[in-house]
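What you see is a predicted model; the values in this text were computed from it and never measured.
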Amino acid sequence: MAARMSFALYFGETVLGTSTAMKRSSAWIPGIGKNSSDMKKLILEYQSSKQQSSCHLAEGNSSKLNEVGIKPDGFKSYTVCLAAVICNIIVCGYSYSFGLLLPPLLDHFKEDTATTAYVGSLCMSVSCLLGPVASSLCDRYGCRATTISGGITCVIGLLMTSQAPSIYCMYLTFSVIVGFGICCVYTASFVIVPRYFLKRRSLATGAITCGPAGGLLVMGPFLQFLLDTLQWRKAFIAMAGLAALICLFALIYDPLTAKEISDFGVVSNTKQPHAICAKKSSWTRNIFTNPVLLIWSACPAVAYLGLYVPQVLLVKYAEQKGVPPDESAIFFCYIGLTSAVARILVGHVCDFKCVKVELITQAAIYINGAAMCVLSRADSYSYFLAYSLVYGFCDGLFGSTVNIQVVGSVKPHLTSKAIGFWLAVTSPSIAAGPPIAGLIVDKTGSYVPAFAVSAMYLFIGATILFALCCLRKKKTSSIVEMQLTSDELPPERETVV
């Protein structure tokens, strides 16, 4: 009977899905009733055998990865991860440290602050909005070629920016051209690194999310040094030389395309093993019908409307409260440091199966929103310093967990598409959040309403994640429920077993 039960579940799971197979198998097997304890026992035995087969599949995946020159969790894996982290720090430093370029550009072009500042905001938006294009390039030409092309694009854009005759030309040379190069490098890192890891994938993903934090912590002081020793035009030339190093680090990546990887049948997701079929379904259907991916895209799409507001308004607000700008500039170093520590720490924690990642994300967003509400009472340097530490740590937790869940919510061969989709969904919020807050400040003459509205966006974004609990309960109830009358089955199915 156990053998017949296993075959019924296997056949039903292949054709009908797991939950439907469990419900219908009770009618297929004579002698097993709807509420029989034997039925539940056999199902538990089947699930146990399925977990064991998953372990054997993971070992098979490791051997298949070795066939294509990839040793999972080996020395080469960590080398690739380190190269991806360095590349992300370089490219993210250009966009996240643009505030340091604002004063010399204002002095040279004599434009208003909003027109000049939008060069950096548009660059961040383009680097996310073109994510689907970059993911398609990764699939078609491989992550190595995409990263090298992104590095060359950044070099060309930065050299052109150094000779820009007006701020409006920088919209093309820096915002669009450099932004697209950043997008290629950043997207390729999230596609290539999970391919090299099985056991420590969350830790590796958390490490490559340190790009924004490392950009603030490392590239910020370096860019300020260039501006102090060189003029801003020569600083852009030096930044172009640094971007050329991306092409060298990209040589560490494997040159395989998505098709070449799938031809070997490589499956690198041990938690949800899947076989890559020869006949591929439409990736758009797989993306847009994936509720987990949609929820993890909707959460940051709302939260990003308020998350990056402090990075734009903090220095001006601190100056209004009596903190000099030269002293408040150190806040960004603390934000970058605590964010980097949090991203690596939570990446390691998320490798444990017992961890509820959505709870960590919700706690980080709620704490960040509460701290932003209390920020209106800040009146001293120590208060702003404490807020910077809390903000940076919570930002690191949020940024790392979201990326980990986006990568893990789809089959391995759809990782690039999922990253591109997620970047495209969140890019409008990244671009619109700070301008909305600035408009509120201009209309009300106070920073308090802007911080309050930003905190509201964070609270709404965190609340969206409760949909995961409802989705999990619905899935669990459909698996546990095993009552189905025999007349609901097609007549021909009764003679299958």
### Message
For a side-chain contact (heavy atoms from CB on, under 4.5 Å) check, start with the C-alpha distance between Trp296 and Val402, then their side-chain angles and the critical distance, and finish with the verdict.
### Response
CA-CA 7 Å; Trp296 281 103; Val402 168; 4.0 Å; yes
### Task
Apply ring-ring contact (aromatic ring centres under 6.0 Å, His included) to the pair Tyr304 and Tyr308, showing each step before the final yes or no.
CA-CA 7 Å; Tyr304 282 171; Tyr308 294 111; 5.4 Å; yes
### Message
Between Phe451 and Ser446, is the side-chain contact (heavy atoms from CB on, under 4.5 Å) condition met? List the steps.
### Response
CA-CA 10 Å; Phe451 289 132; Ser446 173; over 6 Å; no
### Query
For Met219 and Cys92, what are the C-alpha separation, side-chain angles and deciding distance, and is it a side-chain contact (heavy atoms from CB on, under 4.5 Å)?
CA-CA 9 Å; Met219 290 297 294; Cys92 291; over 6 Å; no
### Query
Taking it one step at a time, do Phe190 and Tyr186 satisfy ring-ring contact (aromatic ring centres under 6.0 Å, His included)?
CA-CA 7 Å; Phe190 280 93; Tyr186 190 76; 5.0 Å; yes
### Message
Quick one, Phe331 with Tyr381, criterion ring-ring contact (aromatic ring centres under 6.0 Å, His included). Give me CA distance, side-chain angles, the key distance, then yes/no.
### Response
CA-CA 10 Å; Phe331 296 154; Tyr381 176 86; 5.4 Å; yes
### Message
If you apply the rule side-chain contact (heavy atoms from CB on, under 4.5 Å), what do you find for Gln405 with Leu293, and how did you get there?
### Response
CA-CA 8 Å; Gln405 291 303 103; Leu293 176 61; over 6 Å; no
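The shortest distance between side-chain heavy atoms of Asp139 and Lys417 falls below 4.5 Å. Put simply, the side chain of Phe459 reaches to within 4.5 Å of the side chain of Tyr366, judged on heavy atoms. Residues Thr426 and Ser297 form no side-chain contact, since every pair of their non-hydrogen atoms from C-beta on lies 4.5 Å or further apart. The shortest side-chain heavy-atom distance between Phe98 and Leu101 falls under the 4.5 Å cut-off. When side chains are defined from C-beta on, Lys356 does not count as touching Ile360, because their heavy atoms never get closer than 4.5 Å. With contacts defined as side-chain heavy-atom distances shorter than 4.5 Å, the pair Phe222/Leu242 qualifies. Inter-residue side-chain proximity for Val126 and Cys183 is flagged as unmet; no heavy-atom pair is nearer than 4.5 Å. Residues Thr153 and Val178 have side chains not in contact (no heavy-atom distance under 4.5 Å, counting atoms from C-beta outward).
For the side chain to side chain contact (heavy atoms under 4.5 Å, CB included) criterion with Tyr391, the lone passing option out of Leu375, Leu314, Leu307, Thr338 is Leu307. Checking Ile295, Val357, Leu359 one by one against Leu468, the side chain to side chain contact (heavy atoms under 4.5 Å, CB included) holds for a single residue, Ile295.
The closest donor-acceptor contact from the side chain of Thr79 to the backbone of Phe75 lies under 3.5 Å. When atom types are taken as modelled, the side chain of Ser388 and the backbone of Tyr334 share no donor-acceptor pair closer than 3.5 angstrom. Side-chain N or O atoms of Tyr447 include none that pairs as donor or acceptor with a backbone N or O of Ala318 at under 3.5 Å. Not one N or O on the side chain of Ser400 forms a donor-acceptor pair closer than 3.5 Å with the backbone of Leu397. Proximity of a side-chain donor or acceptor of Thr146 to a complementary backbone N or O of Leu137 within less than 3.5 Å is detected. Checking side-chain atoms of Gln362 against main-chain N and O of Ala462 turns up a donor-acceptor pair under 3.5 Å.
The heavy-atom pair separating Ala364 from Cys394 by the smallest distance is O-CB, 3.5 Å. Scanning all heavy atoms of the two residues, the minimum distance from Tyr94 to Ala243 falls at OH-N, 3.4 Å. Heavy atoms only, all atoms of each residue included: Ser125 and Ser427 are closest at O-CB, 3.5 Å. Shortest non-hydrogen contact noted between Thr205 and Pro194 is OG1-CG, 4.4 Å. When all heavy atoms of Val406 and Ala418 are compared, the pair lying nearest together is CG1-O, 4.0 Å. In terms of heavy-atom proximity, Gly131 sits nearest to Leu423 at CA-CD1, 4.1 Å.
Atoms OG and OH, from Ser429 and Tyr457 in turn, are 9.5 Å apart once rounded to the nearest 0.5 Å. Interatomic distance, OG1 of Thr401 versus CG of Leu465, reported as 8.5 Å (0.5 Å rounding). Here the straight-line distance linking atom CD1 of Ile287 with atom OG of Ser409 works out to 7.0 Å at 0.5 Å rounding. Going from atom CD1 of Ile192 over to atom SG of Cys81 covers 11.5 Å, rounded to the nearest 0.5 Å. Taking CG from Leu337 and CD1 from Ile335, the interatomic distance works out to 11.0 Å, rounded to the nearest 0.5 Å. Between the CD1 atom of Ile177 and the CD1 atom of Ile182 there is a distance of 12.0 Å, given to the nearest 0.5 Å.
Ring geometry, Tyr78 versus Phe197: the interplanar angle exceeds 60°, so the pair is classed perpendicular (tilted spans 30 to 60°).
Ser380 and Ser382 share a side-chain donor-acceptor pair at under 3.5 Å. When only modelled atom types and interatomic distance are considered, Thr209 and Asn403 share no side-chain donor-acceptor pair under 3.5 Å. There is no side-chain donor-acceptor pair under 3.5 Å between Ser135 and Thr187. A donor-acceptor contact closer than 3.5 angstrom links the side chains of Arg343 and Ser339.
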